Amino acid sequence: MWTVFLSKSMNFFKATPPIAFYIFSVLSFVFANIVRDRVQSLYIFLLILGISFSVIGFIKRIKTKD
C-alpha cells in the first residue's frame, strides 16, 4: 500500500514544473512571516519548507535545462 502512495507522490514531483516549486516557496515564506510572532514552531517549519521548495525547484530547473 505504501509503495503505491510513494510511486504516485514521486510522479507528482516529476510532473510538476520548477516554477510551481518557486511559487510554493514564496507562499511558505509569506505564511512564515505572518505567523512569526504567534507560533514559533510553525514559523521554523514553514521556513524549512520554503527553503526545501526553493532547492527542489532549482535542481529541477538545472535537470530540465539540458
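We're numbering straight along the sequence, starting at 1. From a predicted model like this one, the values you see are computed outputs, not experimental measurements.
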Name every donor-acceptor pair, under 3.5 Å, that has one atom in a side chain of residues 33-52 and the other anywhere in the protein, sequence neighbours excluded.
unit_1, atom_1, unit_2, atom_2, d
Asn33, OD1, Arg36, NH2, 2.8
Arg38, NH1, Ile34, O, 3.2
Ser52, OG, Ile48, O, 2.8

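Atom OH of Tyr22 is surrounded by more than 12 heavy atoms from other residues, nucleotides or ligands within 6.0 Å.
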Before giving the answer on side chain to side chain contact (heavy atoms under 4.5 Å, CB included), spell out for Phe21 and Ser25 the whole-Å C-alpha distance, their side-chain angles and the decisive distance to 0.1 Å. CA-CA 6 Å; Phe21 287 108; Ser25 173; over 6 Å; no
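Here the closest non-hydrogen pair linking Phe53 and Ser28 is CD1-OG, 4.0 Å.
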